[in-house]
Number of protein chains: 2
Amino acid sequence: MDIEARPPQTTQQYVLEQLRRAILTGQLAPGSAIRQDALAEQLGVSRVPIREALKILEGEGQVIYRPRRGYMVAELALEDFLEVYRIRQILEEEAVRRAIERITDEDIQRLQDAHADVVAAGQAGEIIAMAAANRRFHFTLIDAAGMPRLRRFLSILWDASDVYRSLYYSEESNRERVEHEHQGIIDAVRARDTEDLIRRLGEHREGTVATFREFMAKQDT
Amino acid sequence: MDIEARPPQTTQQYVLEQLRRAILTGQLAPGSAIRQDALAEQLGVSRVPIREALKILEGEGQVIYRPRRGYMVAELALEDFLEVYRIRQILEEEAVRRAIERITDEDIQRLQDAHADVVAAGQAGEIIAMAAANRRFHFTLIDAAGMPRLRRFLSILWDASDVYRSLYYSEESNRERVEHEHQGIIDAVRARDTEDLIRRLGEHREGTVATFREFMAKQDT
DNA sequence: CGATTGTATTTTGGATCCAGTATTACTTGT
DNA sequence: ACAAGTAATACTGGATCCAAAATACAATCG
């Protein structure tokens, strides 16, 4: 027997999850200071696991740290967002180039399943679930590249730029666009057509960026 | 007046520096376990700042963490190295494309200065100084792109793939090659010739990778 | 003699406590 | 009334202590 040992869930991992979630949903607003012992009390743990979770987020660039001043949630201005998104696109492009050469039918099935989850969550209006399924969709493709470090970086970039997602998905028209583009991506993968796939990913990105520009413009008024 | 406050050096930052250095020079060999209180005693601090520094390195992917088992220095097999290097190249390419449009004469001067430092350190046989100057050379160019997050990722990737550098630079022939290629890069920047610059960076990378293949092959015997 | 279970030791994870620094509020002087 | 200096407060950084989990070792049973 060779049973995979379940890695035990430590408190810091729990805290890390909670922090990620709070940042993603905007409960911890970008730019706001993070008070360690308030958080500790709120989560019912001591300050130590809080500090360690914050250190990981610091390494990932999701929070800003200034010695003796504490942590704040990193802000994402439009131009920062565009920068992160641009990096994501470059890396994802590299990943899918490799992925399309090695992807199996089961992977494609998973892709299709993840897409179905996106649609279902969208119709149910469950924003968090939709963001999660969307992530799974993209990373199914990325995983097929078999480049673990590239995957890691994309994962961090994803988290870092997913901050405003919840607002973004709430618009009906965006959901439809995403659904349509995803299906196109799946088709291109099925056909093993690299250039078409790259083109579709590019369009997917441009659609997203355009939507964001509108969104930010609306915010400013 | 808007003076930037000097951030005080905390113990964890000191520990972090020491750990980075130990990993870079190979004192902490890839794959070896990191014993927390041994380190704490050695550096004359408590275990707390050690743990927090390790958390940052975990976020950067330089050490592997398993709950309740501790940390190990991440191993870099040849294929891992190639993967990291490939990512670096892609991102550096994006950076220099932007950089060449915005770079100033002062930046170019700094580039030339950094290159001079590389040569000087090389002749003096100071490997660590040479690695540092080489890093400065590349990041002078990257900084000119004005993409702070991209810069951050490149910085992490650089550290992660710099592990074997000390061995690498010790060979005379490599030093000469690096010097020659750097000068070519500077010339291309001066001429604002993007395509030539990209081409030269690609060659620079290929030369490095080829050298590494030889090096690893020698190691295996 | 080998394997398995129980025990001791080592090492990490978390809590509490203390010290040093930054921020805020208040007081005092002009 | 406003500014500057000072005192009070709040929060972070680090050390020590304790608990829990993993590993190493030994003893016992088949």
Side-chain angles (χ1 to χ4, degrees), chain A residues 1-20 22-23 27-74, chain B residues 1-20 22-23 27-74:
Chain A
M1 266 220 299
D2 191 15
I3 296 178
E4 184 71 12
R6 183 180 64 87
Q9 169 89 339
T10 61
T11 317
Q12 21 167 312
Q13 288 171 337
Y14 165 71
V15 172
L16 191 56
E17 276 173 30
Q18 296 301 315
L19 281 173
R20 281 193 204 286
I23 292 173
Q27 285 175 354
L28 280 176
S32 65
I34 297 175
R35 202 83 51 203
Q36 293 180 5
D37 50 2
L39 250 176
E41 194 175 2
Q42 199 176 329
L43 295 177
V45 299
S46 88
R47 262 180 53 226
V48 177
I50 305 273
R51 276 154 64 174
E52 304 195 337
L54 285 170
K55 283 293 161 199
I56 294 179
L57 292 175
E58 181 193 350
E60 293 180 358
Q62 297 221 55
V63 299
I64 306 296
Y65 167 69
R66 287 195 303 168
R68 298 252 161 225
R69 305 251 181 113
Y71 298 84
M72 1 183 315
V73 182
Chain B
M1 262 216 306
D2 190 18
I3 295 178
E4 184 71 13
R6 183 180 66 86
Q9 170 88 343
T10 61
T11 314
Q12 20 166 312
Q13 287 171 337
Y14 164 72
V15 171
L16 191 57
E17 277 173 29
Q18 296 299 316
L19 280 174
R20 281 193 204 285
I23 292 173
Q27 285 175 354
L28 280 176
S32 65
I34 297 174
R35 201 84 51 205
Q36 293 181 6
D37 49 0
L39 249 177
E41 194 175 3
Q42 199 175 329
L43 295 178
V45 298
S46 89
R47 262 180 54 225
V48 178
I50 305 272
R51 278 155 63 173
E52 305 198 335
L54 284 170
K55 283 290 162 201
I56 293 179
L57 292 174
E58 182 193 349
E60 293 179 359
Q62 296 222 55
V63 298
I64 306 294
Y65 167 67
R66 287 196 302 169
R68 298 252 161 224
R69 304 250 180 117
Y71 298 85
M72 333 179 348
V73 181

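Below, chain A is the first sequence line, B the second, and so on; all start at residue 1. Heavy-atom basis, side chains included; hydrogens, waters and symmetry copies ignored.
Residue contacts shown for B:Ile34 are limited to sugar-phosphate atoms, with no base heavy atom under 4.0 Å away.
Across A:Leu19 and A:Ala53, no two heavy atoms sit closer than the pair CD1-CB, 4.1 Å. The two residues A:Thr10 and B:Pro67 make their nearest non-hydrogen contact at CG2-CB, 3.9 Å. Scanning all heavy atoms of the two residues, the minimum distance from A:Glu58 to B:Ile56 falls at OE1-CD1, 3.6 Å. For the residue pair B:Pro30 and B:Ala74, the shortest heavy atom distance occurs at CB-O, 3.8 Å.
Listed nucleotides: C:dG13, D:dG14, D:dG13. Nearest to the side chain of B:Arg68: C:dG13. In the set D:dA15, C:dG13, D:dT12, the nucleotide with an atom closest to the side chain of B:Tyr71 is C:dG13. Of all nucleotides listed (D:dT23, D:dT16, C:dG14), D:dT23 comes nearest to the side chain of B:Arg69. Comparing D:dA15, C:dA15, D:dG13 against the side chain of B:Thr10 picks out D:dG13 as the nearest.
The interatomic distance linking A:Ile50 (CD1) with C:dA15 (C1') rounds to 13 Å, in whole Å. Summarising the geometry, the separation between NZ on B:Lys55 and P on D:dG14 is reported as 16 Å, rounded to the nearest angstrom. Spacing between atom CG of A:Leu39 and atom P of C:dA15 amounts to 14 Å, rounded to whole angstrom units. In this structure, CG of A:Asp37 is placed 14 Å from C1' of C:dC17, rounded to the nearest angstrom. Per the geometry, CD belonging to A:Glu52 stands 15 Å off P belonging to D:dT12, to the nearest Å. For the pair B:Gln36 CD and D:dT16 P, the interatomic distance rounds to 15 Å; values are reported in whole Å. B:Glu41 places its CD atom 13 Å from the P atom of C:dT12, with the value rounded to the nearest Å. Between A:Arg66 atom CZ and D:dC11 atom P there is a gap of 16 Å when expressed in whole angstrom units.
Both tests do not hold together for B:Lys55 against B:Tyr71: distance to the six-membered ring centre under 6.0 Å, angle to the ring axis within 45°.
Checking the phosphate oxygens (OP1, OP2) of C:dG14, no side-chain nitrogen or oxygen of A:Arg47 falls inside 4.0 Å. Proximity of B:Thr11 to the phosphate of D:dG14: a side-chain N or O atom is located under 4.0 Å from OP1 or OP2. Side-chain N/O atoms of B:Tyr14 include none lying less than 4.0 angstrom from OP1 or OP2 on D:dG13. Between C:dG14 and A:Ser46, no contact under 4.0 Å exists linking OP1 or OP2 to a side-chain N or O.
Remark: A:Arg51 pairs with B:Glu52 by the salt bridge (Lys or Arg N to Asp or Glu O under 4.0 Å) rule, at least two apart or across chains.
A:Arg20 is listed as a side-chain neighbour of A:Leu57, based on a closest heavy-atom distance under 4.5 Å.
Between the side chain of B:Arg51 and the base of C:dG14, at least one donor-acceptor pair of N or O atoms lies under 3.5 Å.
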Could you pull out the protein-nucleic contacts involving nucleotides 6-10 of chain D (nitrogen or oxygen on both sides, under 3.5 Å)?
none

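Between the side chain of A:Glu41 and the backbone N or O of A:Ala38, no donor-acceptor pair lies under 3.5 Å.
Taking the nucleotide of DNA chain D with the nearest heavy atom to each of A:Val48 and A:Gly70, the more 5' of the two is matched to A:Gly70.
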